[in-house]
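Read the structure below first, then the notes.
Just so we're on the same page: letters track the sequence lines, and every chain starts at 1.
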2 protein chains.
Amino acid sequence: MKFNRVLINDDHDAIGESVAQVLMSNGITNIEKTQYCDEAYLKIKKAELDQDPFDLLITDLSFKSDYRNDNLSSGEELITKLTQDYPDLAIIVYSMKDQLQKVRFLIKNRGVNGYVCKDRKGSKELGESLNVVASGKAYLSPQVCKALQPKSNMEIDDFDIRLINLLSKGMSQEEISEDLKSKNLKPSSLSSIEKRLNRLKIQFKANNTTHLVSITKDLGLI
Amino acid sequence: MKFNRVLINDDHDAIGESVAQVLMSNGITNIEKTQYCDEAYLKIKKAELDQDPFDLLITDLSFKSDYRNDNLSSGEELITKLTQDYPDLAIIVYSMKDQLQKVRFLIKNRGVNGYVCKDRKGSKELGESLNVVASGKAYLSPQVCKALQPKSNMEIDDFDIRLINLLSKGMSQEEISEDLKSKNLKPSSLSSIEKRLNRLKIQFKANNTTHLVSITKDLGLI
DNA sequence: CCTATCTATACGGTTTACCGTAAAAGCAAA
DNA sequence: TTTGCTTTTACGGTAAACCGTATAGATAGG
């Protein structure tokens with residue numbers, strides 16, 4: 001099997017162009033490009049209605065917002081919507097992010113078929129991913145291929161991310177506790193929050209909360 | 001004046017390629033590419049020694065680290081070193097970051113000649129910047145062109161920056177006080193530090209220290 | 001020289017973060 | 001159901017951050 005009709009969704013024009021180059025050098029010429037997630041969704045929808053659907057979407061995850069106020073503001077939202085509506089569409093994510101948690105989530109829970117890291121060898125890996133994904137297998141860049149290996153111990157989950165995010169927004173640990181309780185999310189006691197933060201501080205070698213937020217921001221975790 | 005010999009420094013291969021395309025379509029063919037800041041520095045140094053120097057560097061700011069442990073790990077460090085050693089070299093930054101403080105700093109204090117945002121029209125703007133910078137003027141992408149307008153500038157001095165920086169490294173206010181005393185820097189009492197932080201927290205509408213560090217990191221202030 | 005003003009510092013009280021310990025709840029295998 | 005393990009929660013003490021107020025020093029204008 002080979003992909004015939006491909007949509008590229010990336011807000012950076014140069015990336016879109018280079019992805020198109022990779023596709024063409026793999027013999028794929030029926031290509032369209034979008035720079036917004038809304039636009040991508042509409043194009044896919046229209047293609048479906050026109051009986052000329054895409055077989056593959058290559059998309060970034062993070063998009064800068066501009067004057068248009070977008071409905072779908074991130075690649076992840078786009079993917080969530082697409083996997084509901086068009087489960088047959090193959091999706092390759094092409095992103096700077098290399099967090100295992102995110103990768104695992106997209107592959108396991110969103111049925112993403114490939115995850116290629118924009119990096120020094122991004123183009124080459126993207127080319128390889130086309131063949132792998134076309135043959136029905138999942139492709140992962142080497143940097144993130146351990147995402148699917150079970151349990152590489154020291155890992156952070158969505159709760160951790162949420163926690164650090166709320167801290168970075170200036171909430172106190174007690175306020176966070178209240179917030180979680182009001183949303184009926186499970187670990188919500190101040191004590192649990194403290195314990196979790198403690199683990200994270202050890203993991204990231206942070207001296208205090210401020211340091212932890214600083215480090216995770218640098219890592220692009222939040 | 002026109003640029004003859006250009007070095008492109010970007011860790012993402014596709015970007016390097018697309019920048020090269022832009023240069024060639026502007027009639028510049030003497031192009032070299034690097035994917036590491038160390039490599040870029042060495043290449044520029046060598047070219048200088050060989051009496052065949054570059055007249056322009058186009059570089060990203062953030063680079064992923066890999067197995068090589070780099071000396072210069074960011075574009076900013078590279079630029080700092082270059083403006084010391086080769087003040088005549090023109091530099092255009094091509095980056096995702098669009099924080100005004102960062103841009104202002106690079107233009108004012110590092111003598112960077114152009115700042116182009118990697119964005120939906122990044123390639124087009126990069127092409128325009130070549131002509132503007134070649135004619136001796138500074139080029140700024142529309143998103144960041146207000147960086148040079150003095151209006152948007154709140155009065156934050158070096159002490160403030162130093163303070164927030166130390167906080168982001170995990171030091172307590174007392175440790176910072178000790179540190180400043182040991183360096184004989186003037187406001188150094190815990191009380192002064194508290195007062196200064198208070199002013200900053202009001203200025204940036206921060207709830208606490210963690211929030212303050214988070215906000216200033218987002219602004220690119222530190 | 002005196003005074004108004006601004007800055008640095010000192011101090012005490014309150015809140016929040018930090019850290020250890022321990023009980024309670026959830027869960028899976030025997 | 002019992003047992004053992006893990007996770008969540010509770011609590012108490014210490015350290016640090018937070019906040020108001022007050023004194024000391026430095027500076028500029030009269």
What is the separation between atom [atom1] on [X] and atom [atom2] on [N], rounded to the nearest whole Å?
X: A:Asn198; N: C:dA17; atom1: CG; atom2: C1'; value: 11 Å
X: B:Leu200; N: D:dC19; atom1: CG; atom2: P; value: 14 Å
X: A:Ile193; N: D:dA10; atom1: CD1; atom2: P; value: 11 Å
X: A:Met171; N: C:dT16; atom1: CE; atom2: C1'; value: 14 Å
X: A:Leu163; N: D:dT8; atom1: CG; atom2: P; value: 12 Å
X: A:Glu194; N: C:dT15; atom1: CD; atom2: P; value: 17 Å
X: A:Asn207; N: C:dC19; atom1: CG; atom2: C1'; value: 15 Å
X: B:Leu190; N: D:dA16; atom1: CG; atom2: P; value: 10 Å

Check whether the side chains of [X] and [Y] place a donor and an acceptor atom closer than 3.5 Å, and report yes or no.
X: B:Ser214; Y: A:Lys169; value: no
X: B:Thr80; Y: B:Gln84; value: no
X: B:Ser129; Y: B:Glu125; value: no

*Would you indicate, yes or no, if C:dT9 has its OP1 or OP2 atom less than 4.0 angstrom from a side-chain nitrogen or oxygen of B:Ser192?*
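Answer yes for this pair, as a side-chain N or O of B:Ser192 is under 4.0 Å from OP1 or OP2.
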
_Nearest listed nucleotide, side chain of B:Gln173, among D:dT9, D:dC18, C:dC18_ =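 Nearest nucleotide to the side chain: D:dC18.
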
*Among C:dC18, C:dA17, D:dA17, the nucleotide that comes nearest once only the side chain of A:Ser172 is considered*: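 Looking only at side-chain atoms, A:Ser172 lies closest to C:dA17.
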
*To the nearest 0.5 Å, how far apart are CD in B:Gln143 and CG in B:Asp119?*
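B:Gln143 CD to B:Asp119 CG: 4.5 Å, rounded to 0.5 Å.
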
In terms of side-chain geometry, is the basic nitrogen of [X] or [Y] positioned less than 4.0 Å from the acidic oxygen of its partner?
X: A:Asp85; Y: A:Lys45; answer: no
X: B:Glu128; Y: B:Lys124; answer: yes
X: B:Asp160; Y: B:Arg196; answer: yes
X: A:Arg110; Y: A:Glu76; answer: no
X: B:Lys183; Y: B:Asp179; answer: yes

*Does the side-chain hydrogen bond (donor to acceptor under 3.5 Å, both in side chains) test come out yes or no for A:Lys118 and A:Ser95, once each step is laid out?*
CA-CA 5 Å; A:Lys118 278 181 192 165; A:Ser95 165; over 6 Å; no

*asked:* Pick the closest DNA chain D nucleotide for B:Glu174 and for A:Ser189 by heavy atoms, then say which residue is nearer the 5' end.
replied: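 In this pair, the answer is A:Ser189.
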
*Which dot-bracket string fits DNA chain D when only Watson-Crick or G-U wobble pairs with both atom distances under 3.5 Å count, crossing pairs get [ ], and | stands for a partner on a different strand?*
||||||||||||||||||||||||||||||

*Go through the steps for B:Asn113 and B:Tyr139 under the test side-chain contact (heavy atoms from CB on, under 4.5 Å), then give the verdict.*
CA-CA 7 Å; B:Asn113 307 81; B:Tyr139 179 90; over 6 Å; no

_Positions of residues 180-188 of chain B (non-hydrogen atom under 4.0 Å from DNA chain C), listed by number_ =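 Close to the strand are B:Lys186, B:Pro187, B:Ser188.
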
*A:Lys33 and A:Asp10: CA distance, side-chain angles, deciding distance, salt bridge (charged side-chain N to carboxylate O under 4.0 Å, His left out) verdict*: CA-CA 8 Å; A:Lys33 283 185 273 187; A:Asp10 196 308; over 6 Å; no

Give every pair of a protein N or O atom and an N or O atom of nucleotides 21-26 of chain C that lie under 3.5 Å apart, one pair per line with the distance.
none

